[in-house]
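Throughout, numbering of the chain's residues begins at 1 and tracks the sequence. Model, not experiment: these values are computed from the prediction.
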Amino acid sequence: MTPRTKSALLWGAVGLLAFLAAVQGYQLLVGPLPVSIPAVGAVAVGVGALTAGTAYLTEFRLRAKGRT
């Protein structure tokens, strides 16, 4: 696994966990969500995948500009 891929996957995990933490905070402050747990899980996986994809696609641009 290349370092770029590993970094993107780790950022995806961070995005997934951050989304789940936000959902949990919402439930604590507001109340239960009007959707099911599997739906929240599916959205969390989507957020993680989107985060990983964005990290993978933008890393070379940041590296080219000397910002990493």
Do you reckon [X] sits in the same ILVMFWY cluster as [Y], going by side-chain contacts under 4.5 Å, direct or chained?
X: Val30; Y: Val35; value: yes
X: Ile37; Y: Leu33; value: no
X: Leu10; Y: Leu20; value: no

message: I'd like to know whether CD of Gln24 has more than 12 heavy-atom contacts from other residues, nucleotides or ligands below 6.0 angstrom.
response: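 No, because the 6.0 Å sphere around CD of Gln24 holds 12 heavy atoms or fewer from other groups.
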field: Atom CG of Leu57: over 12 foreign heavy atoms under 6.0 Å
entry: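 Result for CG/Leu57: enclosed.
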Heavy-atom closest contact ([X] atom, [Y] atom, distance):
X: Ala55; Y: Ala8; answer: CB-CA, 4.1 Å
X: Glu59; Y: Arg4; answer: OE1-CG, 3.4 Å
X: Val47; Y: Gly15; answer: CG1-O, 3.8 Å
X: Trp11; Y: Thr51; answer: O-CG2, 3.2 Å

message: Keeping Thr54 on the side-chain end and Leu50 on the backbone end, is there a donor-acceptor pair under 3.5 Å?
response: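 The answer is yes, because a donor-acceptor pair under 3.5 Å joins these two groups.
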query: In this structure, which one of Leu28, Val40, Val43 forms a side chain to side chain contact (heavy atoms under 4.5 Å, CB included) with Val23?
result: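 Result for side chain to side chain contact (heavy atoms under 4.5 Å, CB included) with Val23: Val40.
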message: Between Thr5 and Thr2, do the side chains contain a donor N or O and an acceptor N or O under 3.5 Å apart?
response: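 Indeed, the side chains of Thr2 and Thr5 share at least one donor-acceptor pair under 3.5 Å.
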